Amino acid sequence: MADLITTDRLFFDRTGMDRGRVERIVDDTLRGMADGELYLEYTQSESLGFDDGRIKTASFDQSQGFGLRALSGEATGFAHSSDLSEDAIKRAAGAVRAVKEGHDGVLDLAPAGTNRLLYSEDNPLAAVAFATKAKLLTDIDAYARTKDARVRQVSASIAGQWQAVQIVRPEGTRFADIRPLVRLNVSIVVEENGRMETGSAGAGGRIMYDHYLDPAQWKAQVDEALRQALVNLSSVPAPAGDMTVVLGPGWPGVMLHEAVGHGLEGDFNRKKTSAFAGLMGQRVAASGVTVVDDGTIPDRRGSLTIDDEGTPSRRNVLIEDGILKGYMQDRLNARLMGVAATGNGRRQSYAHAPMPRMTNTFMLAGDRDPGEIIASVKKGLYAVNFGGGQVDITSGKFVFSATEAYIIEDGKVGPAVKGATLIGNGPDALTKISMIGSDMKLDDGIGTCGKDGQGVPVGVGQPTLRMDGLTVGGTAA
């Protein structure tokens with residue numbers, strides 16, 4: 001396959017390593033183990049930042065390395081190095097085999113292969129000249145300043161990454177993937193009568209730069225950042241109390257990701273530290289709520305041909321019509337729980353061991369018109385965009401800040417509010433969903449998920465939702 005040929009050139013032809021000898025090292029290292037792999041990675045990344053009328057930052061980085069892992073029971077031996085050489089892999093093998101002492105195991109079957117390849121070997125970093133990328137940022141600045149006289153500052157950045165990985169398992173079983181990734185961000189500060197406010201927008205995916213060189217694409221991000229900034233200029237302090245909350249489609253799915261998604265990852269449930277532990281087959285959400293994690297959607301930020309253990313990505317139904325149907329699994333936790341891996345074993349880089357992680361996690365659409373949902377609310381809050389949040393996995397409690405929200409009065413969207421926070425419990429909040437819109441939307445491709453110190457790109461999404469009796473923290477006197 002093209003991905004194996006491309007990665008062989010990077011990891012063997014370029015470094016001088018002999019593939020046969022490397023495969024024998026892996027065989028010897030994992031003999032008698034329950035599982036494990038050699039993970040090889042090569043990454044190129046760059047970013048350009050524009051601020052105060054000029055290019056402020058420009059960086060390019062190239063990294064490579066391996067991570068060697070051996071599993072015996074629940075114990076993990078892991079070693080990594082940026083030195084891609086047979087000698088370094090041999091030294092790592094000696095370290096990870098220490099995990100086997102006192103254990104005998106039968107090696108798990110390798111993941112099933114796939115003929116699907118989400119991405120070609122095209123490298124976005126090499127496809128567009130530096131000057132073209134710099135001009136894009138300059139054009140963004142000029143366009144934003146001509147849109148509105150209240151614009152005081154424009155910040156923009158564009159970043160790209162090209163990653164190649166190969167996973168070597170015993171008996172010469174190998175898997176490979178090519179992963180492009182780009183992202184564009186725009187932030188605008190506006191001022192009126194001495195009051196300054198900020199708006200931001202961004203988009204990205206596993207695509208090439210030329211998508212964002214299209215003026216229709218980058219102008220849409222500028223227009224959105226400016227719109228948010230101007231909305232904030234007229235915002236009033238947010239009310240507080242228990243009220244009906246309507247969540248907008250798309251990016252507000254980040255609350256679903258944090259408050260519910262992490263609780264459905266296999267490691268938390270195996271250790272019974274998740275609020276969803278032991279609830280398989282039981283009702284955990286209102287009727288009509290179906291939550292899916294899907295790593296197969298082309299071009300999406302969280303999509304992969306295979307996960308970082310070699311398991312093909314797939315569409316996993318986590319909650320179906322309110323009933324808990326499954327957890328997201330890597331190979332370790334799937335084996336210990338007696339279930340199949342789901343293609344959710346992910347790692348930040350070769351220097352990290354994989355763990356269960358989300359890919360693109362979203363709620364499916366319902367049958368209610370979004371306008372009907374808003375019209376049904378006598379008094380409440382309409383939350384359109386979110387910033388940061390905190391979640392306790394064990395209890396499910398969450399706190400999220402809304403960066404764009406409005407008061408709903410008598411079924412109509414009223415003034416924008418500032419300083420609104422949503423406070424609740426993930427499993428409990430799922431039961432408070434009373435209306436599900438027909439407008440399911442995925443986010444624009446800006447999400448990065450953190451867990452145990454590792455960050456990976458992800459996608460989120462949802463339709464418009466009505467949630468009854470959610471606690472809102474506000475700033476109104």
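Position 1 is the first residue of the sequence, and the numbers go up from there. Since the structure is predicted, the reported quantities are computational estimates derived from the model, not experimental observations.
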> Given the rule in the side chain to side chain contact (heavy atoms under 4.5 Å, CB included) test, do Ile319 and Leu324 qualify, once you have shown the distances and angles that lead to the verdict?
Replying inline: CA-CA 4 Å; Ile319 299 172; Leu324 181 59; 4.2 Å; yes
>> Quick one: does any side-chain atom of Lys379 pair with a main-chain N or O of Met243 as donor and acceptor, under 3.5 Å?
In response: no
> Between Glu224 and Gln228, is any side-chain donor less than 3.5 angstrom from a side-chain acceptor?
Replying inline: yes
> If you take all heavy atoms of Gly366 and Ile436, which pair is closest and at what distance?
Replying inline: N-CG2, 3.3 Å
>> To the closest 0.5 Å, what do you measure between OH (Tyr42) and CD (Gln163)?
In response: 12.0 Å
> Should we count NZ of Lys135 as having more than 12 external heavy atoms under 6.0 Å?
Replying inline: no
> To the nearest 0.5 Å, how far apart are CZ in Arg368 and CE in Met435?
Replying inline: 3.5 Å
>> Which heavy atom of Gln462 sits nearest to which heavy atom of Phe362, and what is that distance?
In response: N-CB, 4.5 Å
> What are the two closest heavy atoms between Leu470 and Ala429, and how far apart are they?
Replying inline: CD1-CB, 4.4 Å
>> side chain to side chain donor-acceptor pair (under 3.5 Å) for Arg466 and Ser376? Distances and angles first, verdict last.
In response: CA-CA 9 Å; Arg466 171 175 165 154; Ser376 72; 2.9 Å; yes
> Less than 4.0 Å between a side-chain N and a carboxylate O, is that true for Arg227 and Glu404?
Replying inline: yes
> Under 3.5 Å, is there a donor-acceptor pair between the side chain of Thr475 and the main chain of Lys418?
Replying inline: yes
>> Between Glu37 and Arg331, does any NZ, NE, NH1 or NH2 come within less than 4.0 Å of an OD or OE carboxylate oxygen?
In response: no
> Are Asp267 and Lys451 close enough for a salt bridge, meaning some N to O gap below 4.0 Å?
Replying inline: yes
> What distance separates Met440 CE from Leu364 CG, expressed to the nearest 0.5 Å?
Replying inline: 6.5 Å
>> Treating Tyr212 as the side-chain partner and Val182 as the backbone partner, does any N or O pair qualify as donor plus acceptor under 3.5 Å?
In response: no
> Can you tell me how far CD of Glu265 sits from CZ of Arg357, rounded to the nearest 0.5 angstrom?
Replying inline: 6.5 Å
>> What verdict does the side chain to side chain donor-acceptor pair (under 3.5 Å) test give for Arg346 and Asn344, after you've listed the backbone C-alpha separation in whole Å, the side-chain angles of each residue and the deciding distance to 0.1 Å?
In response: CA-CA 6 Å; Arg346 304 187 64 190; Asn344 291 95; over 6 Å; no
>> If you apply the rule side chain to side chain donor-acceptor pair (under 3.5 Å), what do you find for Ser313 with Thr296, and how did you get there?
In response: CA-CA 6 Å; Ser313 59; Thr296 70; 5.8 Å; no
> Applying the side-chain hydrogen bond (donor to acceptor under 3.5 Å, both in side chains) test to Ser155, which of Asp141, Asn185, Asp52, Asp51 qualifies?
Replying inline: Asp51
> Thinking salt bridges, do Arg179 and Asp308 make one under a 4.0 Å N-O criterion?
Replying inline: yes
>> For a side chain to side chain donor-acceptor pair (under 3.5 Å) check, start with the C-alpha distance between Tyr327 and Asp293, then their side-chain angles and the critical distance, and finish with the verdict.
In response: CA-CA 10 Å; Tyr327 302 125; Asp293 184 85; over 6 Å; no
>> Checking the side chain of Asp439 only, and the main-chain atoms of Pro370 only, is there a donor and an acceptor separated by less than 3.5 Å?
In response: no
> Where is the tightest heavy-atom contact between Pro463 and Ala365, given as atom of each residue plus distance?
Replying inline: CG-CA, 4.0 Å
> Below 4.0 angstrom, N of the basic side chain to O of the carboxylate: do Arg150 and Glu191 qualify?
Replying inline: no
> Are any of the side-chain heavy atoms of Phe276 and Val260 separated by less than 4.5 Å?
Replying inline: yes
>> Before you tell me yes or no, could you show the steps for His211 and Asp299 under side chain to side chain contact (heavy atoms under 4.5 Å, CB included), namely the whole-Å CA-CA distance, both residues' side-chain angles and the distance that decides it to 0.1 Å?
In response: CA-CA 11 Å; His211 180 78; Asp299 302 337; over 6 Å; no
> Is there side-chain contact between Leu247 and Phe386, with at least one heavy-atom pair below 4.5 Å?
Replying inline: yes
>> Less than 4.5 Å apart, side chain to side chain, heavy atoms only: is that true for Trp251 and Ile446?
In response: yes
> Taking Phe50 as the fixed residue, which of Thr57, Ile55, Ile158 is the one that meets the side-chain contact (heavy atoms from CB on, under 4.5 Å) rule?
Replying inline: Ile55
>> Can you confirm whether Arg152 is buried at CZ, in the sense that more than 12 heavy atoms of other residues, nucleotides or ligands lie under 6.0 Å from that atom?
In response: yes
>> Let me confirm one number: the CG-CH2 distance from Leu136 to Trp218, rounded to the nearest 0.5 Å.
In response: 7.0 Å
> Would Ser59 and Asp61 satisfy side chain to side chain contact (heavy atoms under 4.5 Å, CB included), going step by step from the backbone distance to the final call?
Replying inline: CA-CA 7 Å; Ser59 65; Asp61 182 64; over 6 Å; no
> Is there side-chain contact between Asp321 and Ser287, with heavy atoms separated by less than 4.5 Å?
Replying inline: yes
> Are Thr448 and Arg301 side-chain neighbours, meaning at least one heavy-atom pair lies under 4.5 Å?
Replying inline: yes
> For atom CD of Gln390, is the number of surrounding heavy atoms from other residues, nucleotides or ligands below 6.0 Å larger than 12?
Replying inline: no
> Quick check: does any side chain N or O of Trp162 sit under 3.5 Å from a backbone N or O of Pro124, one acting as donor and the other as acceptor?
Replying inline: no
> Tell me, do Pro415 and Val417 make a side-chain contact under 4.5 Å, heavy atoms counted?
Replying inline: no
>> Tell me the closest heavy-atom pair linking Ile167 and Glu309, and the distance in Å.
In response: CD1-C, 3.6 Å
> Taking C-beta and beyond as the side chain, do Asn360 and Leu442 meet within less than 4.5 Å on heavy atoms?
Replying inline: no
> Closest heavy-atom contact between Ala353 and Gln454?
Replying inline: O-NE2, 3.1 Å
> Between the main-chain N or O of Gly473 and the side-chain N or O of Thr421, is there a donor-acceptor pair closer than 3.5 Å?
Replying inline: yes
> Do Phe400 and Glu258 pass the side chain to side chain contact (heavy atoms under 4.5 Å, CB included) test, and can you show the C-alpha distance, the side-chain angles, and the key distance before you say yes or no?
Replying inline: CA-CA 10 Å; Phe400 275 90; Glu258 294 288 357; 3.2 Å; yes
>> Quick check: do Asp410 and Lys378 have side-chain heavy atoms less than 4.5 Å from each other?
In response: yes
> Side chains of Asp367 and Ser438: is there a donor and an acceptor less than 3.5 Å apart?
Replying inline: no
> Is there a donor-acceptor contact under 3.5 Å from the side chain of Ser303 to the main chain of Ile297?
Replying inline: yes
> Going by an N to O cut-off under 4.0 Å, is there a salt bridge joining Arg270 and Glu74?
Replying inline: yes
> Are the side chain of Asn232 and the backbone N or O of Thr198 linked by a donor-acceptor pair below 3.5 Å?
Replying inline: yes
>> Would you compute the distance between atom CG of Asn385 and atom OG1 of Thr403 and round it to the nearest 0.5 angstrom?
In response: 4.5 Å
>> Quick check against the 3.5 Å criterion: does Asp307 have a side-chain atom that pairs as donor or acceptor with the backbone of Gly310?
In response: yes
> Okay, side chain of Lys432, backbone of Gly469: is any donor-acceptor separation there less than 3.5 Å?
Replying inline: yes
